[in-house]
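Below is one structure, written out as structure tokens, with a few remarks after it.
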Amino acid sequence: MDCTGFNLRKAMRAVGQHYDDALRPAGLRGTQFSLLAAAKIAGPVTVSRLAEMAVMDRTTLTRNLNVLEKQGLVAVVPGADRRTRRVVITERGVTVLRQAYPLWQQAQDRLAAKLGADRLQALRENMATLVDATLPR
């Protein structure tokens, strides 16, 4: 099938399973690891900004954040005004992220070994181009 959407979803499911399997010992899924890492890197970040960074709608992001909050990995706190909320990674979240990082790195390394450095770099560039091409302007 030459449908780009179908093939991307298929690839996303396969890659997602790859990371989910790798991160299972840390008690995280790939999406949870990515959101924790983004929250750590961005510092306290608004829910809207985190949604933009993840190219994720706010409803889906909120659902994911609720799981992380129940696990004590993030806190969602009031922002500068009543309309905004900020995501803050907790100490427990930082600890879990540190435990998960080597597992994530191993998953990255396995993919790099299978794809090769040049193909992996081209894939990353093509994905960035695809995201740019599909985002509304």
Side-chain angles (χ1 to χ4, degrees):
M1 181 176 280
D2 64 351
C3 174
T4 302
F6 174 82
N7 285 298
L8 280 172
R9 284 183 185 92
K10 187 169 111 175
M12 286 173 16
R13 285 189 299 273
V15 171
Q17 188 63 50
H18 175 78
Y19 283 95
D20 287 351
D21 290 346
L23 293 166
R24 191 168 287 116
L28 293 176
R29 298 188 60 136
T31 52
Q32 294 169 328
F33 176 84
S34 296
L35 290 175
L36 272 181
K40 173 75 171 125
I41 291 167
V45 61
T46 65
V47 171
S48 295
R49 177 65 186 128
L50 188 56
E52 288 173 15
M53 291 168 62
V55 189
M56 186 180 285
D57 67 82
R58 286 178 53 107
T59 302
T60 302
L61 176 60
T62 298
R63 195 169 41 250
N64 281 278
L65 289 174
N66 286 341
V67 172
L68 293 173
E69 197 167 25
K70 285 177 185 171
Q71 294 174 334
L73 305 178
V74 299
V76 181
V77 300
D81 62 48
R82 291 175 35 180
R83 296 173 299 171
T84 61
R85 295 180 307 143
R86 292 181 313 133
V87 179
V88 180
I89 189 168
T90 64
E91 284 186 38
R92 177 169 158 65
V94 171
T95 298
V96 169
L97 191 58
R98 282 189 183 126
Q99 292 169 347
Y101 183 82
L103 302 171
W104 171 84
Q105 187 64 60
Q106 290 169 4
Q108 290 276 99
D109 293 346
R110 283 192 297 275
L111 280 179
K114 289 180 180 181
L115 293 174
D118 290 343
R119 183 178 283 163
L120 187 58
Q121 182 61 32
L123 179 62
R124 288 181 183 138
E125 290 170 2
N126 287 331
M127 287 188 297
T129 300
L130 185 59
V131 168
D132 287 344
T134 57
L135 287 178
R137 302 265 174 218

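Sequential numbering from 1 along the given sequence is applied to the chain's residues.
- Shortest non-hydrogen contact noted between Met53 and Ala38 is CE-CB, 4.0 Å.
- The two residues Leu50 and Ala39 make their nearest non-hydrogen contact at CD1-N, 4.5 Å.
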Can Val47 and Thr84 be said to form a side chain to side chain contact (heavy atoms under 4.5 Å, CB included), step by step? CA-CA 7 Å; Val47 171; Thr84 61; over 6 Å; no
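- By the side-chain hydrogen bond (donor to acceptor under 3.5 Å, both in side chains) test, Gln99 pairs with no residue at all, sequence neighbours left out.
- Listed by chain and residue number, Ser48 satisfy the side-chain hydrogen bond (donor to acceptor under 3.5 Å, both in side chains) test with Arg58 (two or more places apart in sequence, or in another chain).
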Take Thr134 and Val55, measure what side chain to side chain contact (heavy atoms under 4.5 Å, CB included) needs, and give me the verdict at the end. CA-CA 11 Å; Thr134 57; Val55 189; over 6 Å; no
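- Nearest heavy-atom pair across Leu103 and Pro25 is CD1-CB, 4.0 Å.
- Residue pairs that meet the salt bridge (Lys or Arg N to Asp or Glu O under 4.0 Å) test with at least one member in residues 59-79, sequence neighbours left out, do not exist here.
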Please step through side chain to side chain contact (heavy atoms under 4.5 Å, CB included) for the pair Leu8 and Leu130, ending with a clear verdict. CA-CA 11 Å; Leu8 280 172; Leu130 185 59; 3.3 Å; yes
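- In this view, Arg24 and Asp21 satisfy the salt bridge (charged side-chain N to carboxylate O under 4.0 Å, His left out) rule, not counting sequence neighbours.
- Listed for the Asp20 side chain is a donor-acceptor partner under 3.5 Å among the backbone atoms of Gly30.
- The hydrophobic clustering, which links ILVMFWY residues whose side-chain heavy atoms are closer than 4.5 Å, places Trp104 and Val15 together.
- Checked against side-chain hydrogen bond (donor to acceptor under 3.5 Å, both in side chains), Asp118 has no partners two or more places apart in sequence or in another chain.
- Rounding to the nearest 0.5 Å places CG of Leu23 at 9.0 Å from NE2 of His18.
- A donor-acceptor distance shorter than 3.5 angstrom exists from the side chain of Thr90 to the backbone of Leu73, with no hydrogens or angles considered.
- Within the structure, no pair that satisfies the side-chain hydrogen bond (donor to acceptor under 3.5 Å, both in side chains) test touches residues 30-44, not counting sequence neighbours.
- Shortest non-hydrogen contact noted between Val88 and Pro44 is CG2-CB, 4.1 Å.
- Inter-residue side-chain proximity for Leu61 and Val87 is flagged as unmet; no heavy-atom pair is nearer than 4.5 Å.
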Stepwise side chain to side chain contact (heavy atoms under 4.5 Å, CB included) check, Arg29 with Tyr19: CA-CA 7 Å; Arg29 298 188 60 136; Tyr19 283 95; over 6 Å; no
